[in-house]
2 protein chains.
Amino acid sequence: MSASQIDAVALDGAGPLYDQIRRAIRDLILNGAWPPGTVVPPEHALMERLGASRMTVHRALGQLAREGLITRRRRSGTIVASPPASHAMLDILSIPEEVRGLGHEYSYRILARRDGRALRPVVALFELGRAVEVVRLTVLHYADGVPHVLEERVIHLATVPAAEQEQFVAIPPGDWLLQNSLWSQAEHAISAVAAEADQAKLLAIGEGEPCLLVERRTWNQGDPVTAVRLLYPGGRHRFVGRFGPYGNV
Amino acid sequence: MSASQIDAVALDGAGPLYDQIRRAIRDLILNGAWPPGTVVPPEHALMERLGASRMTVHRALGQLAREGLITRRRRSGTIVASPPASHAMLDILSIPEEVRGLGHEYSYRILARRDGRALRPVVALFELGRAVEVVRLTVLHYADGVPHVLEERVIHLATVPAAEQEQFVAIPPGDWLLQNSLWSQAEHAISAVAAEADQAKLLAIGEGEPCLLVERRTWNQGDPVTAVRLLYPGGRHRFVGRFGPYGNV
DNA sequence: AGCGTTTAATTGCATATGCAATTGAAGAGG
DNA sequence: CCTCTTCAATTGCATATGCAATTAAACGCT
């Protein structure tokens, strides 16, 4: 932890002190200023830097630990945690992980790639107001050689410029983005649709068969990152979740 | 808060004191011993009862408040919170609420009711090992007079005996259960299926059209409460959720 | 170098204390 | 009866202090 890093912790004067500290550190993590693995200053250092008591700093860090943003160990100190790969029913972000978790062999194929200006539906989807440069990809994912899910994706080059050079030969675009971009907000929608002729052919099912459509849009600090439509053959897939009346108590 | 109520708070000696207190009170709430609206003893009363300092009691109650199980107000005190009606994407438990939230007029009709022993699929669904007494219901819900969702439900009479006498004329079974039973765990699954002939007719769609199928099973402290299958016409419905990489930060 | 022991950095927990903020309830005054 | 003021119950926040638990790193011994 360098001096510049600890100096980055700045309070805003709004609300309780412990919460100012919590939000200050949380924002550094969510903004990417303190990426996963960063060593957070020890309590007594923050205490001196911020002029707060140790218990107050401790309270702020304790809450961040409970929220999962940091992990703490006695003597070793506090480090920024890695975001969990998936943390709820629909937050399956890595299709290879999903397929291997089901006990199947994973493979994928890029069916098409077109770089250029976003088409009108994409512009509307992200409420952009103007056409921007994007990468458009169509990917078919296989489980044990059988088509598993059809992916159509748009990546925004303004937010993720490195995508222009990437060929996605070793790693599918969804996983590549997880490693090479930040995201702070996502929205997904799930619905049932009938497979169109070309989709059905790719997925090796009949035209008109029911499919589960998962659409996800992702932003980082308000800037669009990517949008993806995942089409799962209906008969073979269910999404399962567990919860209690007050949440996951 | 009577003496018997405060005496119900019992510590188990495992782990940190503040967490023992938190779990003790949490369990009283989750078990239904302290239903929503119950007045929780003030900090100084718990402090005397448990022999802990006020700060330690405060820490336990503070965490429960953050978890949403209690609400606290200065001077007024602490009361057990009502479980939120819906708290995430798929936790739409009240169909009337869902329909009215979309700005439509709600109505429903009980299409069929059969009481008796559970059929084999239900026995398997809840891993019961033997047939038990259940109520089986088929309900069609309408939004502005248009079929909205088809509900097939099984209610376990051993866990919810009052269901036997209820006719569900004023309130649909899902909402009646919310008011007349407790649940501690739920599991849901979502998938896409083709509408069968009879289902399609009821929903006023074509046979084979894609539908979103939500299946939910509910338990209270390990005892089965209800199972429901909700069939939504695919084209008209999407479930939407928002989240961040570390959860809902 | 390898191995056990000691040290010390860091977090975790609990207490005691004091004051601030909120607000229901009691009381005062008309 | 109504309104305004005062009081006090209750939670919220911050500090100071002390000790316990964990464990990486330093040390010392062979």
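Chain naming here is simple, since letters A, B, ... match the order of the sequence lines and numbering starts at 1 in each.
- Residues from residues 10-17 of chain B that place a heavy atom under 4.0 Å from any atom of DNA chain C, listed by number: B:Pro16, B:Leu17.
- On the nucleic acid side, DNA chain D has its first and last nucleotide under 4.0 Å of a heavy atom of chain A at D:dC13 to D:dA25, going 5' to 3'.
- A salt bridge is defined here as a Lys NZ or Arg NE, NH1 or NH2 lying under 4.0 Å from an Asp or Glu carboxylate O, and B:Arg26 with B:Glu67 fails to meet this definition.
- Contact check on B:Arg72 versus B:Glu43 returns a salt bridge, with a Lys/Arg side-chain nitrogen under 4.0 Å from an Asp/Glu carboxylate oxygen.
- Nucleotide C:dT23 holds its P atom 11 Å from the CZ atom of B:Arg75, rounded to whole Å.
- In the region residues 56-64 of chain B, proximity to DNA chain C at under 4.0 angstrom, judged on heavy atoms, holds for B:Thr56, B:Arg59.
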**Request:** Could you give me the CA-CA distance, side-chain angles and deciding distance for A:Ile29 and A:Ile70, then say whether side-chain contact (heavy atoms from CB on, under 4.5 Å) is met?
**Result:** CA-CA 9 Å; A:Ile29 294 172; A:Ile70 59 178; 3.7 Å; yes
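- Residues B:Asp19 and B:Arg23 are paired through a salt bridge, judged by an N-O separation under 4.0 Å between the basic side chain and the carboxylate.
- In this structure B:Thr218 satisfies the side-chain hydrogen bond (donor to acceptor under 3.5 Å, both in side chains) test with no other residue, sequence neighbours excluded.
- Each end of the helix from C:dA1-D:dT30 to C:dG30-D:dC1 gets its own axis from five base pairs, and the two axes differ in direction by 10°, given to 10 degrees.
- Remark: of the listed residues A:Thr78, A:Ile25, A:Ile21, A:Ile25 is the sole one forming a side chain to side chain contact (heavy atoms under 4.5 Å, CB included) with A:Leu46.
- Under the side chain to side chain contact (heavy atoms under 4.5 Å, CB included) criterion, B:Pro35 pairs with B:Thr38, not counting sequence neighbours.
- Nucleic acid contact class of A:Arg73 (heavy atoms, under 4.0 Å, all strands): sugar-phosphate only.
- With sequence neighbours excluded, no residue satisfies side-chain hydrogen bond (donor to acceptor under 3.5 Å, both in side chains) with B:Asp223.
- Taking the nucleotide of DNA chain D with the nearest heavy atom to each of B:His44 and B:Met55, the more 5' of the two is matched to B:His44.
- B:His141 meets the ring pair (Phe, Tyr, Trp, His ring centres under 6.0 Å) test with B:Tyr106; sequence neighbours excluded.
- Applying the side-chain hydrogen bond (donor to acceptor under 3.5 Å, both in side chains) rule to A:Asn31 yields the partners A:Gln221; only residues at least two apart in sequence or on another chain are considered.
- Among residues two or more places apart in sequence or in another chain, the side-chain hydrogen bond (donor to acceptor under 3.5 Å, both in side chains) test is passed with B:His104 by B:Asp144.
- For A:His156, the ring pair (Phe, Tyr, Trp, His ring centres under 6.0 Å) partners two or more places apart in sequence, or in a different chain, are A:Phe126.
- A search for side chain to side chain contact (heavy atoms under 4.5 Å, CB included) contacts involving A:Ser181 returns A:Val160, A:Leu177, A:Val225, not counting sequence neighbours.
- Mapping A:Ala52 and A:Ser76 onto DNA chain D by nearest heavy atom places A:Ala52 closer to the 5' end of the strand.
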